[in-house]
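Lettering of chains follows the sequences in order, A, B, ..., and the numbering in each one begins at 1.
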Amino acid sequence: MLDIKLIRKDRPAFEKGLARRNGTYDLGPLMEAEERRVAMQSELDGMRARLNEVSGEIGKLMREKKDATAIKAEMKGLSDSVKERETAYRAVENDITALALMIPNVPDASVPDGKSEEENVVVRSWGEPRQFTFTPKNHQEIGETLGILDLKRAAKISGARFALYRGLGAKLERALISFMLNTHTANGYEEVLTPFLVNAKSMTGTGQLPKFEEDLFKIEGGEYYLIPTAEVPVTNIYADEVLDGADLPKKFCAYTPCFRREAGTYGKVTAGIIRQHQFNKVELVKLAKPEDAMAELEALTADAEGILQKLELPYRVVALCTGDMGFASAKTYDIEVWLPSMNRYVEISSCSNFTDFQARRAGIRFKRDAKAKPELVHTLNGSGLAVGRTVVALLENYQREDGTVEIPKALRHYVGADSIGK
RNA sequence: GGAGAGGUGGCCGAGUGGUUGAAGGCGAUGGUCUCGAAAACCAUUGUGCGGGAAACCGUACCGGGGGUUCAAAUCCCUCCCUCUCCGCCA
């Protein structure tokens, strides 16, 4: 959510920022409602002041055993109209909230302009795509041949876009989760294990609701949503709290499964386990002081990259352009890993600075010192990494001509094997 | 699932329907004292919104929502959450 007070001060700046995104966002209805709200509040406050004053006088009269019937009757009228106006005021407030929740974050000045992912900017690359002396297979073929991936039976159990890992495949997935969490905790992130079902308030706090409900799985009965990312439960850990500025930045890492409807993606990658309704992910989340947030984004991205470096997987980092950035983000880097079967880089992590956008929705604040006013923190997160896609990258990049797969050195003692198959 | 108790300021904890934004304690902050510290003492100490350059003024908030009343932390309804006991269960 954007800062309505700030919009009031400099509306053109916000309009310019929003215009850089895809889609058009009209601040008109929001600000008109806000103007109405302010006028209504002045009026209401005045009425309530009068009511409070006279009520005090009535109290005095009653204690002195004097008659207050007439003045009571008069106040009944005022009291009733206050209630009427309060109802109208609440309606306007609700309108404002509903409108404000649908407006995306303003892109940071450093974000490149652009309409679509075509215009994202490659920031850096690491590692060289391997030159194969044979035709590399895709991960599905490798995995099924090795008996570590059984998508047919996953489809039988659940349906399309689900995975069944077996044997060393299952162990590889588990090993990666441990490896990632251990790496991140060594870098100062606190490991947390969160609920995988959350309420609507948490989803609203991070921005999945109300606008993107169709992307989410909702539990029948209406109480809970399955998390689409650990970002939701982790960012909301300190919702409606005031943190001590000395404790910032807060750094968390968390493993969770992620559940996504993937509605409207029928045309997109269907082969293998690239795009699933359920996948595992290790997430990094930070709560930072505003002035530190951009530097923390760089550091967080580097921490995510560290995993790929240890696994010796070639990747590149891309700065998303304004047209490709997510709803809540002010700046996003995608990390893309090289996939031989597709002969291109594919997203394996997305690292974003949400500035105060989520913090305002979720009510996450901090105090610089004991006397200071509370301020909104800035929130950040990034995948560190998507585990399923890491398996894909490992299988494809480390495949041998004989169909076996080497396990990268950093992972061997987690898996307890040097290779898969043989 | 059955029975009961409770949700008040950063924390603990009072609170008879009317000078209660809320006693008291702890903590925190500033000060006095001290070579310094501790202790003691004094003072200050919530958040949102509106107005104001500011001092400050107004208003709302005692789990959420609704109601009764001139007036609600206090009464009523409802929802949520926490705790205790019994049952069941990973």
Enquirer: Given the P atoms of U78(B) and G25(B), what is the spacing between them in whole Å?
Expert: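 That atom pair is separated by 39 Å.
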Enquirer: How far does the P atom of G13(B) sit from the matching atom of G7(B), given to the nearest Å?
Expert: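 My reading of the P atoms in G13(B) and G7(B) gives 9 Å.
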Enquirer: For nucleotides U74(B) and U16(B), find the distance between their P atoms and express it as a whole number of Å.
Expert: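 U74(B) and U16(B) have their P atoms separated by 11 Å.
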Enquirer: Crowded around Lys409(A) NZ? As in, over 12 foreign heavy atoms under 6.0 Å?
Expert: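 No - once you tally the heavy atoms of other residues, nucleotides and ligands closer than 6.0 Å, there are 12 at most.
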Enquirer: Stems involving RNA chain B: give each as a range paired with a range, ordered by first number, where a stem means at least three consecutive Watson-Crick or G-U wobble pairs under 3.5 Å.
Expert: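 Consecutive-pair runs (3 or more) involving RNA chain B: B:1-7 with B:80-86, B:10-12 with B:24-26, B:27-32 with B:40-45, B:46-51 with B:56-61, B:63-67 with B:75-79.
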Enquirer: What's the gap between C79(B) and C85(B) when it is taken at their P atoms, as a whole Å value?
Expert: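 Going atom to atom, P in each nucleotide, I get 25 Å.
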Enquirer: Is Arg50(A) salt-bridged to Glu74(A), going by a charged N under 4.0 Å from an acidic O?
Expert: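 Looking at Glu74(A) together with Arg50(A), the answer is yes, because their closest N to O distance falls below 4.0 Å.
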Enquirer: Are more than 12 heavy atoms, taken from residues, nucleotides or ligands other than Arg368(A), located less than 6.0 Å from that residue's CZ atom?
Expert: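 Result for CZ/Arg368(A): enclosed.
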Enquirer: How far does the P atom of A39(B) sit from the matching atom of C26(B), given to the nearest Å?
Expert: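 Roughly 12 Å separates the two P atoms.
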Enquirer: Which value, in whole Å, describes the distance between the C1' atoms of nucleotides G10(B) and G17(B)?
Expert: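 Looking at atom C1' only, G10(B) and G17(B) are 30 Å apart.
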Enquirer: Do the side chains of Lys83(A) and Glu86(A) get close enough for a salt bridge, i.e. N-O under 4.0 angstrom?
Expert: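 No, no charged N to carboxylate O under 4.0 Å.
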Enquirer: Can you check each nucleotide of nucleotides 69-76 of chain B against protein heavy atoms at under 4.0 Å and return B for base, S for sugar-phosphate only, - for none, in 5' to 3' order?
Expert: BBS-----
Enquirer: Would you say that more than 12 heavy atoms from the other residues, nucleotides or ligands in this model lie under 6.0 Å from the CZ of Arg412(A), or not?
Expert: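 Yes, CZ of Arg412(A) has more than 12 neighbouring heavy atoms, counting only those of other groups under 6.0 Å.
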Enquirer: For nucleotides G64(B) and G9(B), find the distance between their P atoms and express it as a whole number of Å.
Expert: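 Taking atom P in both G64(B) and G9(B), they lie 10 Å apart.
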Enquirer: Determine the Euclidean distance between corresponding C1' atoms of A28(B) and U19(B); express it in Å to zero decimal places.
Expert: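 To the nearest whole Å, 29 Å.
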Enquirer: When you check every protein heavy atom under 4.0 Å of nucleotides 48-59 of chain B, what one-letter string (B, S, -) results, 5' to 3'?
Expert: SBSS------BS
